[in-house]
Amino acid sequence: MGIEAATVHETFTKMQAKLSKVVPEVELRLKAELVYEINRLKKERGALILGHNYMEPALFHTVPDIVGDSLELSRRAAETECDPIIFCGVRFMAETAKILNPSKTVLLPAKVAGCSLASSISAKDVRDLKAKYPGVPVVSYINTYADVKAESDIICTSGNAVRVVQSLTSDRVIFLPDQYLAANVARETGKQILFPRPDDASPQGNVMIGWRGACEVHERFTVEDITNIRTQFPGVAVLAHPECPPEVVAASDFSQSTSRMVEFVRSSTSPHFLLLTECSMADNIIAENPDKDVLRLCSIRCPHMNEITLEDTLNALRNNEQQIDVPADIAARARVALERMLAA
Ligand code: 13P
Ligand code: SF4
């Protein structure tokens, strides 16, 4: 066995030790060579790989230097001195990294990697809302594209949305574009959520004006799913991401960002856990906590997060693909809204 074959074998052995409960051995054998090459090239280029919690387990547990939720990854992207930054997540996340650290090359290992929330609203939609409700601050979810961020006053993530809304002095807030996250945050901040029709009078009082965007993954979970699982697995702790409909969040035991969900499972002694979110995350938790019984409803995958593969991560490192660019004027305005969030 040559030196390279020996080190690929070592990579495979490490992957097997961590992942054998969630990834078939034959797949690990095929992916070990990619993992080895990515890590070698990453070191050679002085690159940083960021990985969102939704990455598939054979990627998530092997190549990122930092893993986390949108908020944690934004902070780390803003701070790093490494160049390039490879963002194993979706496009709006890679754009956020570029906006926060503009001198660095940011690469997304996929051609598209969209998001149903980010594509549900345009910059013009935000301008129209601002014209209709002058002076009402606009809070946009990080799951939006740069031009929408540029029209916003402040950005939030699932991990800090309540804090960001509470940081504003105005009673009225426009919250975009996730109707369910808006409804969940409105409940937690004591606001009334409204979706005004074009002819409605301007809402007054302690209100949140929402938009009808939704996550194509989280919108599909139902209270009936939770009831069925509670019957089948007594004592199960149900964790619902705040992009789930409000009745689903109300029927769950815990609702926070993906990283806080990971921490909950780590530290809880519940006999079973049900994760209502993208199911790769459950595989990632099981790989790290093999003694925990983690259930998931895996009929729905995020097609955008699943575009990111080890093959394309290697391609990004080798060929500088796909490079993220944000026009300077848009980036400058979006950065103000993002920096307000980081300071909130
Ligand atoms: P988090 O910020 O909680 O990781 O969520 C990102 C996301 O896209 C959830 O669908
Ligand atoms: Fe967007 Fe939903 Fe996929 Fe998250 S899970 S990236 S919100 S489509």
Side-chain angles (χ1 to χ4, degrees), residues 14-25 28 51-62 64-73 75-76 157-163 180-181 183-185 187-189 215 217-302 305:
K14 279 192 202 149
M15 289 169 74
Q16 194 186 29
K18 181 126 221 181
L19 296 165
S20 59
K21 223 180 154 184
V22 289
V23 185
E25 186 178 311
L28 293 178
H52 185 263
N53 289 323
Y54 288 167
M55 291 297 98
E56 60 106 352
L59 187 157
F60 182 84
H61 285 290
T62 56
D65 302 285
I66 296 158
V67 293
D69 62 20
S70 312
L71 182 60
E72 292 162 338
L73 295 179
R75 286 192 194 284
R76 302 305 288 263
T157 73
S158 61
N160 64 11
V162 169
R163 191 167 76 240
Y180 299 129
L181 179 66
N184 290 320
V185 173
R187 201 199 57 248
E188 282 200 56
T189 54
C215 163
V217 175
H218 294 94
E219 71 175 343
R220 302 229 226 140
F221 296 118
T222 64
V223 174
E224 200 186 345
D225 293 333
I226 298 181
T227 311
N228 289 341
I229 298 270
R230 285 202 197 278
T231 308
Q232 200 182 343
F233 298 94
V236 63
V238 179
L239 288 74
H241 193 275
E243 291 168 11
C244 291
E247 66 277 12
V248 170
V249 168
S252 71
D253 301 301
F254 182 79
S255 182
Q256 244 288 351
S257 76
T258 53
S259 287
R260 300 292 85 75
M261 291 165 94
V262 173
E263 276 166 20
F264 182 102
V265 177
R266 247 185 227 142
S267 61
S268 164
T269 55
S270 291
H272 318 281
F273 302 89
L274 170 65
L275 295 191
L276 298 180
T277 196
E278 153 62 36
C279 33
S280 291
M281 198 171 95
D283 290 337
N284 292 335
I285 296 177
I286 293 166
E288 215 177 271
N289 305 271
D291 53 321
K292 306 260 181 183
D293 185 24
V294 184
L295 314 164
R296 69 274 204 203
L297 297 176
C298 241
S299 55
I300 314 159
R301 309 299 306 264
C302 173
M305 289 284 184

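Starting from 1, each residue takes its place in the sequence as its number.
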Shortest non-hydrogen separation from [X] to [Y] and the atoms involved:
X	Y	result
Thr62	Ala58	OG1-O, 2.6 Å
Ser270	Ala237	OG-CB, 3.5 Å
Val67	Leu73	C-CD2, 3.9 Å
Val22	Pro57	CG2-CB, 4.2 Å

Nearest-0.5 Å distance that lies between atom [atom1] in [X] and atom [atom2] in [Y]:
X	Y	atom1	atom2	result
Ser280	Ile285	OG	CD1	11.0 Å
His61	Met15	NE2	CE	10.5 Å
Ile226	Phe221	CD1	CZ	9.5 Å
Asp291	Ile286	CG	CD1	11.0 Å
Ser259	Met281	OG	CE	7.5 Å
Asn160	Gln256	CG	CD	9.0 Å

Taking side chain as C-beta onward, heavy atoms only, is [X] less than 4.5 Å from [Y]?
X	Y	value
Leu275	Val294	yes
Ser20	Glu25	no
Phe60	Asn53	yes
Glu56	Met305	no
Val265	Met261	no

**OP:** Mind running side-chain contact (heavy atoms from CB on, under 4.5 Å) on His52 and Thr258 for me, showing each step along the way?
**Re:** CA-CA 9 Å; His52 185 263; Thr258 53; 3.9 Å; yes

Report all side-chain donor-acceptor pairs from residues 238-253 shorter than 3.5 Å, counting only partners two or more places apart or in another chain.
unit_1, atom_1, unit_2, atom_2, d
His241, ND1, Glu243, N, 3.2
Glu243, OE1, His218, ND1, 3.0
Glu243, OE2, Tyr141, OH, 2.5
Ser252, OG, Val249, O, 2.7
Asp253, OD1, Arg230, NH2, 3.4
Asp253, OD2, Arg230, NH1, 3.2
Asp253, OD2, Arg230, NH2, 3.3
Asp253, OD2, Val238, N, 2.7

Original post:
Would a distance-only check, ignoring hydrogens and angles, find a side-chain to backbone donor-acceptor pair under 3.5 Å from Glu72 to Asp69?
Top reply: yes

**OP:** Look only at the side chain of Glu278 and the backbone of Cys302, and say whether a donor-acceptor pair between them is shorter than 3.5 Å.
**Re:** yes

**OP:** Fit a plane to each ring of Phe264 and Phe273, take the angle between them on a 0 to 90° scale, and name the class: parallel (under 30°), tilted (30 to 60°) or perpendicular (over 60°).
**Re:** perpendicular

**OP:** Evaluate the side-chain contact (heavy atoms from CB on, under 4.5 Å) criterion for residues Leu297 and Ile229: first the C-alpha distance (whole Å), next the side-chain angles of each, then the deciding distance (0.1 Å), finally the verdict.
**Re:** CA-CA 10 Å; Leu297 297 176; Ile229 298 270; 4.2 Å; yes

Original post:
Does any donor atom in the side chain of Thr222 or Asp225 lie under 3.5 Å from an acceptor atom in the other side chain?
Top reply: yes

Original post:
So, Arg296 and Asp283, do they make that salt bridge, N to O below 4.0 Å?
Top reply: yes

Subject >> Basic-acidic side-chain contact under 4.0 Å: Glu263, Arg260 >> reply: yes

Original post:
Counting heavy atoms not belonging to Lys292, are there more than 12 under 6.0 Å from its NZ?
Top reply: yes

